[in-house]
Amino acid sequence: MLNITLVAGSSRNNSQSGKVARVLRQRLIEMGQTTQDTSCIIDLGLAPLPLWPAEDAGPWSMYQQQLAAADAVVIIAPEWNGMACPAIKNFFIYASKAELAHKPGLLVGVSSGIGGAYPIGELRASSYKNCRLCYLPEHLIVRQVEKVLNGPQPVDEADQRLRARIDYALDVLVRYAHALQPVRAAINFDNPAFANGM
């Protein structure tokens, strides 16, 4: 059974990103890959991190423990004005290799319209640098998010197609999680000369 952490990257409580995180977690449980006890959601809208640098890191110590225990991570990034929102960018300033190095990460872009690709590109470009999260070559984009994933059954063809793509991407994530476990175990993270990425 895998330990999987999902990060809902919106700073709004009751966000669509939170909804997507809950749906993906439930699918992983239904697929038999994780359980209620071996998966968790970090919802940055419900328990936000203070803007870095802050004297009081808020819930970060709890998030560190959840991320360190994870075999894989799902990053749900809403698109705001064509960018990844500040909450998820701030999350990656806190995150380090101690929590995320050489773990598979599935990126999920979220858009209320037909966008959602820009946060994927933005996070792929720089967010992994020091934390060493290994993004999958697969990703998901949830477009028209208010209209999809709202119940157990799809409401239309787009919702049905998205759910099939979710199952495919989660299956890929699970396979990477199993494959990277021995890789992480074999890597020495203690070399101070290579503390940060290039």
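Note that the coordinates shown come from a computational prediction; the quantities given were computed from them, not determined experimentally. Sequential numbering from 1 along the given sequence is applied to the chain's residues.
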Kindly say whether Val73 contributes a backbone atom to a donor-acceptor pair with the side chain of Lys103 at under 3.5 angstrom? no

Using only atom types and a distance under 3.5 Å, with no angle test, would you say the side chain of Arg25 pairs donor to acceptor with the backbone of Thr34? no

From the options Val108, Leu24, Val20, select the one residue that forms a side chain to side chain contact (heavy atoms under 4.5 Å, CB included) with Ile166. Leu24

Just by distance, do the side chain of Asn130 and the backbone of Gly197 share a donor-acceptor pair under 3.5 Å? yes

Take Leu136 and Leu173 through the side-chain contact (heavy atoms from CB on, under 4.5 Å) test and state the conclusion after the steps. CA-CA 7 Å; Leu136 301 183; Leu173 177 69; 3.9 Å; yes

Atom CZ of Phe189: over 12 foreign heavy atoms under 6.0 Å: yes

Ion pair present between Asp71 and Arg184, side-chain N to carboxylate O less than 4.0 angstrom? yes

Are Arg163 and Asp167 within salt-bridge range, i.e. N to O under 4.0 Å? no

Considering all heavy atoms, the nearest Ala195-Lys97 contact: CA-NZ, 3.7 Å

Close side-chain approach of Leu2 to His178, heavy-atom, < 4.5 Å: yes

Verify the neighbour count for atom CG of Asn81: are there more than 12 heavy atoms of other residues, nucleotides or ligands below 6.0 Å? no

Counting only heavy atoms not in Glu157 (residues, nucleotides, ligands), do more than 12 fall under 6.0 Å from its CD? no

Check whether any side-chain heavy atom of Lys89 sits under 4.5 Å from a side-chain heavy atom of Ser126, and report yes or no. yes

Salt bridge present between Arg143 and Glu79 (N-O < 4.0 angstrom): no

Output yes when a side-chain donor or acceptor of Asn3 lies under 3.5 Å from a complementary backbone atom of Ser39, and no otherwise. no

So do Tyr94 and Gln64 actually touch side chain to side chain, heavy atoms under 4.5 Å? no

side-chain contact (heavy atoms from CB on, under 4.5 Å) assessment of Glu99 paired with Trp60: CA-CA 11 Å; Glu99 297 85 31; Trp60 179 246; 3.9 Å; yes

Should Lys19 and Asn150 be marked as a side-chain hydrogen bond (donor to acceptor under 3.5 Å, both in side chains) after you check the CA-CA gap, both sets of side-chain angles, and the distance that decides it? CA-CA 8 Å; Lys19 174 188 84 174; Asn150 290 318; 2.8 Å; yes

Measure the acute angle between the ring planes of Tyr135 and Tyr128, then classify it against the limits of 30° and 60° as parallel, tilted or perpendicular. perpendicular

Show your reasoning for whether side-chain contact (heavy atoms from CB on, under 4.5 Å) applies to Gln26 and Met31. CA-CA 9 Å; Gln26 185 58 39; Met31 294 166 74; over 6 Å; no

Check whether Asp159 reaches the backbone of Val155 with its side chain - one donor and one acceptor, N or O, closer than 3.5 Å. yes

From the list Leu106, Ile75, Val74, side chain to side chain contact (heavy atoms under 4.5 Å, CB included) partner of Leu6 resolves to Val74

What do you reckon, is CZ of Arg124 surrounded by more than 12 foreign heavy atoms closer than 6.0 Å? yes

Are any non-hydrogen side-chain atoms of Val142 and Leu162 less than 4.5 angstrom apart? yes

Close side-chain approach of Phe92 to Cys131, heavy-atom, < 4.5 Å: yes

For a quick test of reading the model, state the closest non-hydrogen atom pair linking Ala72 to Ala177 and the distance between them. CB-CB, 3.9 Å

Any sub-3.5 Å donor-acceptor pair from Asp43's side-chain atoms to Asn13's backbone N or O? no

Determine whether a donor-acceptor pair (N or O, by modelled atom type, separation under 3.5 Å) exists between the side chain of Ser15 and the backbone of Ser10. no

Shortest non-hydrogen pair, Leu180 vs Cys134, comes out as CD1-CB, 4.3 Å

Less than 4.5 Å apart, any side-chain heavy atom of Thr5 and any of Ile42? yes

Are side-chain heavy atoms of Asp37 and Met1 found at a separation under 4.5 Å? no

Using modelled atom types only, decide if a donor and an acceptor are shared between the side chain of Glu122 and the backbone of Met83 within a distance under 3.5 Å. no

4.5 Å side-chain heavy-atom contact, Phe91 and Pro48: no

Taking all atoms of both residues into account, what is the closest heavy-atom pair of Leu44 and Ala87, and its distance? CD1-O, 3.5 Å

Could you check Gln181 against Tyr176 for side-chain contact (heavy atoms from CB on, under 4.5 Å), going step by step and ending with a plain yes or no? CA-CA 9 Å; Gln181 285 174 331; Tyr176 270 78; over 6 Å; no

State, to 0.1 Å, how close Gly9 and Ser17 come at their nearest heavy-atom pair, and which atoms those are. N-CB, 4.4 Å

When you measure from the side chain of Lys147 to the backbone of Asp156, do you find a donor-acceptor pair of N or O atoms at a distance under 3.5 Å? no

Tightest non-hydrogen contact, residues Ile88 and Ala77, listed as CG2-CB, 4.4 Å

